[in-house]
Amino acid sequence: MKKFLKIFFIIIGVIATLIIALIIGLKVISSNTTNADEYKMGEDLIPSLKAVVGKRQVSGIGASVENGITTKEIKYKTETTAGSDVNKYMGYLVENENFFITKNNGTKVEISKKSVDSGKIIMMTFEKIANEYVFTIKKGVGELKVY
C-alpha cells in the first residue's frame with residue numbers, strides 16, 4: 001500500500017509539473033505573437049498589426065504546420081476601428097513590404113508576396129467573422145506571378 005501511494009504521488013507531481021509548464025509555454029507563445037512588432041515565418045519577417053496600427057485586443061491565436069505549409073492565425077476583437085485597422089495594415093504591407101492583392105471578394109481579402117526562401121510564397125488572408133476580425137498567415141511552396 002505504501003508503495004502504491006508513493007507511485008501515485010509521484011505521478012500526480014509529474015502531471016502537475018507538465019500542466020504548469022504547458023500553461024507557462026502557452027503564455028510565452030501568446031505574448032510573443034500578440035506583442036511582437038513582427039511576425040516570423042521562418043526567415044521571413046512581416047511587420048505586425050501592432051507595429052502598424054497599435055496594440056489591439058487579441059481574442060485567439062493558433063499555429064500549425066501541415067503538408068509543408070506553416071500557418072499562423074490571429075483573431076482580434078472587433079472595435080469600431082476594425083475596418084480602418086485592416087485597411088491601413090493591408091495598405092502598409094502592399095506599399096512597403098512588396099505584398100500584392102491576390103483576392104478580394106468583399107468579405108475576404110488575400111495579399112501575397114514571394115518568400116525569401118526560394119520557391120515559397122507568403123499569403124495573408126483578412127476576414128471579418130462575427131465580432132472578430134481574423135487574419136491568417138500561410139507560408140508554403142508556391143509561385144507568385146505578377147503581371
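A donor-acceptor pair under 3.5 Å links the side-chain atoms of D44 to the main chain of V116, judged by distance alone. Side chain of K72 to backbone of K40: a donor-acceptor contact under 3.5 angstrom is found.
Summarising the geometry, atom CD1 belonging to I12 is positioned 11.0 Å from atom OG1 belonging to T17; distances are rounded to the nearest 0.5 Å. In this structure, I74 CD1 and I137 CD1 are separated by 5.0 Å, a value rounded to the nearest 0.5 Å. The CZ atom of F126 sits 9.5 Å away from the OH atom of Y76 when rounded to the nearest 0.5 Å. Atoms CG and NZ, on L93 and K88 in that order, are 12.5 Å from each other to the nearest 0.5 Å.
Side-chain contact between E43 and D117 is present, with heavy atoms from C-beta onward closer than 4.5 Å. Looking at F100 and S112, their side chains never come closer than 4.5 Å, going by heavy atoms from C-beta outward. With contacts defined as side-chain heavy-atom distances shorter than 4.5 Å, the pair K50/D37 qualifies. M123 has its side chain out of reach of T102: every pair of non-hydrogen atoms, C-beta onward, lies at least 4.5 Å apart.
Nearest heavy-atom pair, M41 versus T70, reported as atom, atom and distance to 0.1 Å: CE-O, 3.5 Å. The heavy-atom pair separating K114 from L144 by the smallest distance is CE-O, 3.6 Å. Considering every non-hydrogen atom in both I69 and K138, the closest pair reads CG2-CB, 4.1 Å. Summarising the geometry of K77 relative to Y133, their closest heavy-atom pair is O-CE2, 3.8 Å, with the distance given to 0.1 Å. Listed here is the closest heavy atom pair of L49 and Y39: N-OH, 3.3 Å. Residue A36 comes nearest to S48 through the heavy atom pair O-OG, 2.6 Å, listed as atom of the first residue, atom of the second, then distance.
Residue-environment remark: NZ (K113) exceeds the threshold of 12 foreign heavy atoms within 6.0 Å.
I101 and V52 fall within the same hydrophobic cluster, where Ile, Leu, Val, Met, Phe, Trp and Tyr residues are linked whenever their side-chain heavy atoms come under 4.5 Å apart, directly or through other members. In this structure, I7 is a member of the same hydrophobic cluster as I15, with clusters built from ILVMFWY side-chain heavy atoms closer than 4.5 Å.
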- Show your working on side-chain contact (heavy atoms from CB on, under 4.5 Å) between K108 and T125 and close with a plain yes or no. CA-CA 7 Å; K108 186 187 250 185; T125 305; 3.4 Å; yes
